[in-house]
Amino acid sequence: MLGPAMVRSSSRFPDPAEADARGLVAISDFVDADLLLDAYSHGIFPWSNDPIGWFSPDPRAVFLRQSLRMPRKLGKAMRHHRLRVTFDRAFTPVMEACRAAHGPKGTWISDAFIAAYGELHRRGHAHSVEIWQEDLLVGGLYGVQLGAMFAGESMFHRVTNAAKVGFAFLVEHLDRMGIALFDAQVPNPFTLQLGAVELRRREFLRRLRAAIAHHPTPFDGRLWPHDPPPLANVVRPQPTLDADEPKH
């Protein structure tokens, strides 16, 4: 059980290299904003509740700019469904909607999780993308930014293509900020469709250290602008931290 006595070089977590075959690094009976910051800065994230399991899987899913497959005709979908996108206007409702959308599988997003990530949001480290149809929240996603790293957490949609619209706006915003590492954590059919690839954990952790040590990025530790600019027609590939190919 994770506790105050379990300390390694400024972290309360064991080395991720000591994770078991599932990627489980530690368990705890609590979660708060400080523990989340500690975890994400060391490539660890919570993925179960009661008790809370902290994971660093190997391999790790990421989005690389050269591998992204952005959906086409999103502008048409936005006009057809009368969708608009905002950032950081409804963080808690987005988390609650993600929990509801995942049904029984979403029970890891407990009230304690919502409170802890809500505090991260108030500190400017957790962010949400909201997709609206008039005044109804019909899609969204949330994640954590530390330096030049963004970790996507969960998303939902109630209108066709709403999640893809939100993802496209997110990618363009991360590009504008110079985000060097876009963590997708574990692959699933949706992220694979969008071009997620896998890195070995040691390579992911190397890139994570570089991204966190990166020059300050806009809005690091601050809320994002509520109203993003219009979606560009093409999301251009951006350079990664180096030229290494993803390890499959």
Side-chain angles (χ1 to χ4, degrees), residues 2 4 10-13 16 25-57 60 62-63 86-102 106-130 137 140-156 166-167 169-171 173-174 177-186 204-205 208-209 211-214 216-226 228:
L2 186 66
S10 75
S11 175
R12 299 176 71 177
F13 290 92
V25 176
I27 59 173
S28 70
D29 57 4
F30 75 101
V31 59
D32 60 23
D34 291 331
L35 199 58
L36 287 173
L37 285 174
D38 184 350
Y40 281 97
S41 67
H42 292 89
I44 301 165
F45 60 90
W47 199 24
S48 65
N49 185 49
D50 194 25
I52 297 165
W54 300 86
F55 288 81
S56 184
R60 183 73 164 247
V62 300
F63 291 109
T86 61
F87 295 156
D88 283 346
R89 283 192 180 273
F91 184 85
T92 297
V94 166
M95 281 200 73
E96 292 172 340
C98 287
R99 173 169 60 181
H102 289 289
T107 54
W108 87 90
I109 307 177
S110 65
D111 289 344
F113 272 51
I114 291 174
Y117 281 95
E119 176 59 25
L120 270 195
H121 174 66
R122 287 185 286 275
R123 296 183 190 183
H125 293 300
H127 304 278
S128 58
V129 178
E130 303 94 17
L137 185 64
L141 59 92
Y142 72 97
V144 173
Q145 180 192 354
L146 293 179
M149 183 280 296
F150 181 81
E153 278 296 320
S154 187
M155 59 173 54
F156 79 99
F167 182 80
F169 272 85
L170 172 65
V171 167
H173 183 60
L174 299 184
M177 290 194 296
I179 294 297
L181 181 62
F182 187 175
D183 180 19
Q185 298 181 346
V186 292
F204 172 82
L205 293 174
L208 174 66
R209 289 190 294 270
I212 292 178
H214 202 266
T217 52
F219 311 111
D220 183 19
R222 297 166 50 199
L223 295 182
W224 290 350
H226 289 325

Using ring centroids (six-membered ring only for Trp), state whether His42 and Phe13 fall under 6.0 Å.
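They do not qualify: ring centres at least 6.0 Å apart.
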Looking at Arg12, is its backbone amide N or carbonyl O close enough to the side chain of Asp38 to form a donor-acceptor pair, meaning the two atoms are under 3.5 Å apart?
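Flag set: sc Asp38 to bb Arg12 pair under 3.5 Å.
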Could you tell me whether the side chain of His121 and the main chain of Ala126 form a donor-acceptor pair under 3.5 Å?
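Yes, because the side chain of His121 sits within donor-acceptor range (under 3.5 Å) of the backbone of Ala126.
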With sequence neighbours excluded, tell me which residues meet side-chain hydrogen bond (donor to acceptor under 3.5 Å, both in side chains) with [X].
{"X": "Thr86", "value": "Glu130, Trp132"}
{"X": "Tyr117", "value": "Tyr40"}
{"X": "Gln185", "value": "Glu153"}

Can you name the nearest heavy-atom pair linking Ala33 to Ala116, along with the distance?
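Of all heavy-atom pairs spanning Ala33 and Ala116, the closest is CB-O, 3.9 Å.
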Ignoring hydrogens, what is the shortest heavy-atom contact between Phe55 and Val25? Give both atom names and the distance.
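Taking every non-hydrogen atom into account, C-CG2, 4.2 Å.
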Quick one: list whatever passes side-chain contact (heavy atoms from CB on, under 4.5 Å) with [X], sequence neighbours left out.
{"X": "Asp220", "result": "His125, Gln145, Thr217"}
{"X": "Leu205", "result": "Pro16, Arg201, Leu208, Arg209"}
{"X": "Thr92", "result": "Glu96, Ile114"}
{"X": "Pro218", "result": "Met177"}

Close side-chain approach of Tyr142 and Ile109, heavy atoms under 4.5 Å
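Tyr142 reaches Ile109 side chain to side chain.
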Close side-chain approach of Phe91 to Leu120, heavy-atom, < 4.5 Å:
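The answer is no, as the side chains (C-beta and beyond) never meet within the 4.5 Å cut-off.
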Non-neighbouring partners of Phe87 that pass ring pair (Phe, Tyr, Trp, His ring centres under 6.0 Å), sequence neighbours left out:
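Scan of Phe87 (ring pair (Phe, Tyr, Trp, His ring centres under 6.0 Å), adjacent residues dropped) gives His173, Trp224.
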Kindly write out the residues that satisfy ring pair (Phe, Tyr, Trp, His ring centres under 6.0 Å) with Phe63, not counting sequence neighbours, or none if the list is empty.
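Ring pair (Phe, Tyr, Trp, His ring centres under 6.0 Å) list for Phe63, sorted by chain: Phe167, Phe182.
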Can you run down the salt bridge (Lys or Arg N to Asp or Glu O under 4.0 Å) pairs that involve residues 109-129, sequence neighbours left out, and say none if there aren't any?
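Checked against salt bridge (Lys or Arg N to Asp or Glu O under 4.0 Å) - neighbours excluded - the pairs reaching residues 109-129 are Asp34-Arg123, Arg99-Asp111, Glu119-Arg122, Glu119-Arg123.
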Cut-off 3.5 Å, no hydrogens considered: what does the side-chain donor-acceptor table look like for residues 44-51, sequence neighbours left out?
residue: Ser48; atom: OG; partner: Gly53; partner atom: N; Å: 2.8

